[in-house]
Amino acid sequence: MNLIDNEEKKSREQSTKILKIIIIAIVVLVLILVAVLSYSMYLQSKQFRFLINDKNTSVPSDLFIFEDGNVYISIKDLADLLGYEYNNGEYKKYNEDTNQCHVSDKTNSNGYEVAGFEANSEKVYKVLIEYDEYEYYTLKTKVKSVNGKLYTTGEGIELGFNCKFVYNQEKNYIAVYTLDNIVGKYSSMLNNTVITSGNMSFSNKKALKYGLILVQNSSGLYGVQKIDTGETVLGTKFKELRFLESSQDFITTTPENKQGIYSSKGRSNY
């Protein structure tokens with residue numbers, strides 16, 4: 001009887017040891033798996049990403065140049081990614097000067113606007129096609145020519161492509177948000193259907209980039225507010241408004257067809 005009891009005891013002890021070994025092995029495997037997943041996530045977080053309207057996008061190897069604390073973006077390559085038309089030379093000069101270029105949004109049948117850049121220059125021009133008006137801007141950093149391509153900083157990209165450009169060094173990503181995306185976000189966020197209406201002009205949509213949004217009262221008259229504070233810039237008393245990007249003024253038309261210019265900074269001229 002004692003012999004049988006001893007055998008059973010040994011069997012139970014052996015089973016217990018095996019179970020402990022299995023449990024330890026499972027714990028070790030789980031720890032290894034967690035470590036592998038954590039390291040994988042760490043590597044992924046360090047991997048550079050480029051997003052257009054929050055979507056990961058594959059890019060050419062020379063789309064970006066990181067230099068002197070700045071990030072430069074190939075104007076031609078970004079034009080291709082955003083559906084813009086890119087041409088060498090100055091607008092309406094019909095030459096192939098690779099030290100100059102102009103881009104236009106070919107997704108818009110009206111060809112709302114053309115933006116022009118030149119190598120080694122901080123000057124940018126934009127042409128509003130509807131009015132045949134030229135507006136001129138000065139960048140903080142000159143346009144670069146590298147291997148036959150023109151590059152500009154995020155400031156130039158925001159200006160030329162009417163977008164929002166974000167470079168997050170800590171999280172290692174660059175993001176571009178198109179004007180249509182910006183319009184959609186603010187329309188939803190602020191419950192504002194004015195900027196998405198068929199009557200909203202391209203020029204007035206661009207005011208969003210500068211923190212300004214058009215509003216409309218029950219009588220159909222327009223005004224302007226600051227997006228971040230809701231502060232009134234122009235009361236809702238105008239039949240028509242048109243935003244001038246270069247000066248950040250508004251051309252205003254009253255119900256009596258009296259026209260004037262009102263600055264978003266508070267100056268008026270009638």
Side-chain angles (χ1 to χ4, degrees), residues 48-53 57-167 169 173-182 202-203 205-206 209-210 243-248:
F48 176 77
R49 294 179 299 144
F50 177 59
L51 303 97
I52 296 178
N53 296 334
T57 305
S58 298
V59 298
S61 59
D62 57 350
L63 176 63
F64 301 109
I65 294 176
F66 298 87
E67 187 174 287
D68 303 327
N70 291 315
V71 54
Y72 293 86
I73 307 93
S74 164
I75 299 171
K76 183 181 187 306
D77 291 329
L78 187 61
D80 291 339
L81 290 169
L82 295 181
Y84 273 63
E85 184 173 325
Y86 178 97
N87 285 287
N88 290 326
E90 186 178 347
Y91 178 59
K92 285 189 175 180
K93 294 299 182 181
Y94 306 104
N95 59 48
E96 289 298 321
D97 184 354
T98 56
N99 284 316
Q100 295 179 315
C101 74
H102 58 276
V103 296
S104 57
D105 187 353
K106 60 186 179 183
T107 64
N108 293 314
S109 58
N110 293 331
Y112 293 128
E113 188 177 74
V114 172
F117 300 85
E118 183 175 357
N120 302 314
S121 173
E122 69 278 4
K123 302 298 182 182
V124 175
Y125 64 87
K126 298 178 80 171
V127 186
L128 292 169
I129 303 301
E130 181 180 358
Y131 303 98
D132 195 28
E133 291 178 353
Y134 280 71
E135 294 182 298
Y136 297 91
Y137 307 82
T138 302
L139 303 175
K140 295 177 182 177
T141 307
K142 292 181 179 181
V143 174
K144 281 180 174 289
S145 177
V146 180
N147 296 326
K149 290 184 178 182
L150 297 183
Y151 286 77
T152 186
T153 60
E155 181 190 15
I157 292 302
E158 288 190 334
L159 190 60
F161 292 92
N162 293 305
C163 64
K164 179 70 175 176
F165 183 88
V166 178
Y167 175 34
Q169 287 182 287
Y173 75 83
I174 288 175
V176 170
Y177 298 94
T178 62
L179 185 59
D180 285 343
N181 180 270
I182 295 170
F202 172 70
S203 294
K205 289 179 179 179
K206 290 197 296 180
K209 297 195 303 172
Y210 301 90
F243 181 64
L244 300 177
E245 185 180 11
S246 57
S247 60
Q248 296 184 35

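This is a predicted model, so every value here is computed, not measured. Just the heavy atoms: all of them, side chains too, but no hydrogens, waters or symmetry mates, feed the values below.
Ring pair Phe202/Tyr112 is parallel by interplanar angle, where below 30° counts as parallel and above 60° as perpendicular. Between Tyr167 and Phe66, the ring planes are tilted. Angles from 30° to 60° get that label.
No donor-acceptor contact under 3.5 angstrom links the side chains of Glu90 and Tyr125, judged on distance only. Under 3.5 Å, the side chains of Lys126 and Asn162 contain a donor-acceptor pair of N or O atoms.
The backbone N or O of Glu158 sits less than 3.5 Å from a side-chain atom of Lys209, completing a donor-acceptor pair. Listed for the Tyr91 side chain is no donor-acceptor partner under 3.5 Å among the backbone atoms of His102. A distance-only check finds no donor-acceptor pair linking the side chain of Asp77 to the backbone of Val59 [under 3.5 Å]. Listed for the Glu245 side chain is no donor-acceptor partner under 3.5 Å among the backbone atoms of Lys206. Side chain of Glu122 to backbone of Thr138: no donor-acceptor contact under 3.5 angstrom is found.
Counting heavy atoms of neighbouring residues, nucleotides and ligands inside a 6.0 Å radius, atom NZ of Lys205 exceeds 12 of them. Counted within 6.0 Å of CG on Asn147, heavy atoms from surrounding residues, nucleotides or ligands total 12 or fewer; the atom is thus considered open.
Counting all heavy atoms, side chain and backbone alike, Gly89 lies closest to Asn95 at CA-OD1, 3.1 Å. Across all their heavy atoms, Ser104 and Val114 have their closest contact at CB-CG2, 3.9 Å.
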Evaluate Ser74 against Asp62 for side chain to side chain donor-acceptor pair (under 3.5 Å), listing each step before the verdict. CA-CA 7 Å; Ser74 164; Asp62 57 350; over 6 Å; no

